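These notes concern the structure reproduced below.
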Amino acid sequence: MDFMNTFRLALRALARNKMRSALTMLGIVIGVGAVIAVVSIGQGAQYLVQQGIQAMGTNAVFIIAGSSRAGGVRQGYGGVKTLTIDDMNAILREIPIIKQAAPSVTSRQQVVYGNQNWNTQITGTTPNFFDIRTWPVQAGSVFSDEEVDLAANVCVIGTTVARVLFADENPVGKTLRIGNLPFRVDGVLESKGQNVMGQDQDDAIFAPYTTVQRKVSGITWLQFINASAISQEASVAAVAPITSLLQERHRIRRGEDDDFMVRTQSDIADLANQTQSVMTMLLGGIASVSLLVGGIGIMNIMLVSVTERTREIGLRMAVGATESDVQRQFLVEAVTLSMMGGAIGIVFGLVGSALISNFLSWPTLISGKAIIAAAIFSAAVGIFFGYYPARKAAQLDPIEALRYE
Amino acid sequence: MAEQTTVLTEPNQTAATGKPVIRLENVYKVYDLGEIQVQALRGISLEVREGEFVAVMGPSGSGKSTVMNILGCLDRPTRGHYYLDDVDVSGMSKTDLARIRNRKLGFVFQQFNLLSRTSALENVELPTVYAGISPEERTKRAMESLTRVGLADRAGHHPSQLSGGQQQRVAIARGLVNRPSILLADEPTGNLDSRTSVEIMDILQTLNNEEGLTIVLVTHEPDIARYAKRTLEFLDGKLRRDNVVSNRLIAHEVLKTLPTPEEQAAEDAEDNARHEKMAKSDAAK
Ligand SMILES: Nc1ncnc2c1ncn2[C@@H]1O[C@H](COP(=O)(O)OP(=O)(O)OP(=O)(O)O)[C@@H](O)[C@H]1O
Ligand SMILES: [Mg+2]
């Protein structure tokens, strides 16, 4: 019997019990739909994270104060007081493949302009920070190196701060208050939107690090050094010399934990990728379980169907159906069931992820690979779970099958 | 009665002369049930020639169905040989036997075995599906076959919309659709009333006479066996008697003497009325 015939026969048999076929398919529909939706959400998140990390610059090297070890005597990062501007200058001086570096020292503060009030993060840094981060101003200018040396009360602000405090006014040249100190606004940065963690990057104020250290926070150390190597390879190559230089400067002995971390942009990308993949795999695994359950449903219904149609099978054999004809008939039926479920599931998954990205504004990325995989997987489920019932049907004895009540 | 019989029958049959299409040689069939072994057939040898019309008879359990299953290539003899068209099929694979069933044999069952919720035409088409015939040709053949049993006008009906006799005629049409040389029927009239049985025998006789179709049928009823040309009587798995039918009944003629369903219905109504009247007068007393 040719394939078209077998397929038509299968559709007919399935149409005969519409409700039952629909319910049987539901398991696969849910499974495939969930897989597609989960994968597209996962990939969307991953894409965003990678975009964000890419935006930090591929040559970036980050030196973070604090230990990577959790617990113990060491404090978490940011809380360690050993990373200083001298460390940064030493790195620039002794490691030539590091081209630029900018310090970061942060503090949350209340900011006031006129009768507007806002709580935001103040980051102390140097002007080249904006080069390293490729973050230009849209109005005004960035404070100068002299202003850093003088610990001048000047700042540049993000668009969110500009909007909240200044509304329609032009902030450039105006004076706002951070804590009790007046700061002149030199420039407004271009909008960067949310970062990978969903935080608004434009809700920020940048000032000379000297000013933040001495006048705002009253500290002498740094939390962060943003460095930039001459190339992506150089950024990776720079990790070891930076580490040994800082170990020496911080007098960290062999066997002791470092009080800093050196990370390249690709390290962070890998880490983010890993976390994302684990999440995607986990959710995908859960979705696959429902696909498996759907497959068992198909097997169950196919077994019922074989029993119900014992006489039909006997008759078909008597009039010339071979074992393989019968086996193919039931296998095609199972695969039709699972693939129809898969097709509907793909549609549901696509619609579902579209709804999620619309209403929850989560990023989703439809993956062609996931769709193909879902189609192949649902066919495989049909073959795998349809094989046993089909085999059972094919091995019936025609005489006994014809006598079956 | 004696007068009628002469009208309804034809002279004694002479032994068939066509080439042998079925030959059983010392066939045994043993069902091994573990503790006991059932000897269903015990050394059957027989020959059926082209164009014969054979009725297999015998008491229940004598092995009639068993021998039919072997003739129909649904089962294989435990011992002995079965030659179909001079080819020994006793040792063939299941797949080869399926092909032979499809091409050379037609089946008619006591239970009709039509697929429900499937039109008569599609039921008749079923064997052609496994014969590798194009869809157009399949429908054409099925229609031809239905016409031969006089049911062309019921092609679109489902079995539930057909009478028992009509269902069996659809089943016969299905048995004929691949143009087999032999039609095998195990108690084809077992579920039918006497008039419908004769109608079925009429169709079989016509096929046998006009197209030379070889027919082997099993029946319990001696009346039905008298429409065949030859009877084989089984007893305890052995062939007891092999007779030529004398005074063979001609179904076509017998039908003329039987009341038509309409007449039968009228008669029944009369009977009922009479009974009711009697019941009423009884009640009056
Ligand atoms: N599958 C089987 N397993 C065991 N014994 C069987 C099987 N089929 C038939 N038999 C036995 O073989 C013998 C012949 O059975 P068969 O069905 O051929 O009888 P039959 O002549 O067709 O009877 P009936 O007129 O009742 O249909 C019986 O004793 C029966 O019990
Ligand atoms: Mg029987």
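Everything quoted here is computed from the prediction, not taken from an experiment.
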Got a sec, which residues hit salt bridge (charged side-chain N to carboxylate O under 4.0 Å, His left out) with B:Arg79, two or more places apart in sequence or on another chain?
-> none
Can you tell me if [X] and [Y] form a side-chain donor-acceptor pair at under 3.5 Å?
| X | Y | result |
| --- | --- | --- |
| B:Tyr130 | A:Arg316 | yes |
| B:Ser119 | B:Glu122 | yes |
| B:Arg103 | B:Asn178 | no |

Contact class of B:Ser116 relative to chain A, heavy atoms under 4.5 angstrom = backbone
Top of B:Leu97, B:Ile133, B:Leu126 for chain A proximity - count of heavy-atom pairs under 4.5 angstrom = B:Leu126
Highest number of heavy-atom pairs under 4.5 Å with chain A: which of B:Ile100, B:Thr95, B:Thr128, B:Asn113?
-> B:Asn113
Select, from [options], the one with the greatest count of heavy-atom pairs under 4.5 Å involving chain B.
| options | value |
| --- | --- |
| A:Ser324, A:Ala321, A:Gly314 | A:Ala321 |
| A:Met4, A:Glu312, A:Arg16 | A:Arg16 |
| A:Leu402, A:Thr322, A:Val319 | A:Val319 |

Pick from B:Leu239, B:Thr66, B:Val218: which one makes a side-chain contact (heavy atoms from CB on, under 4.5 Å) with B:Phe234?
-> B:Leu239
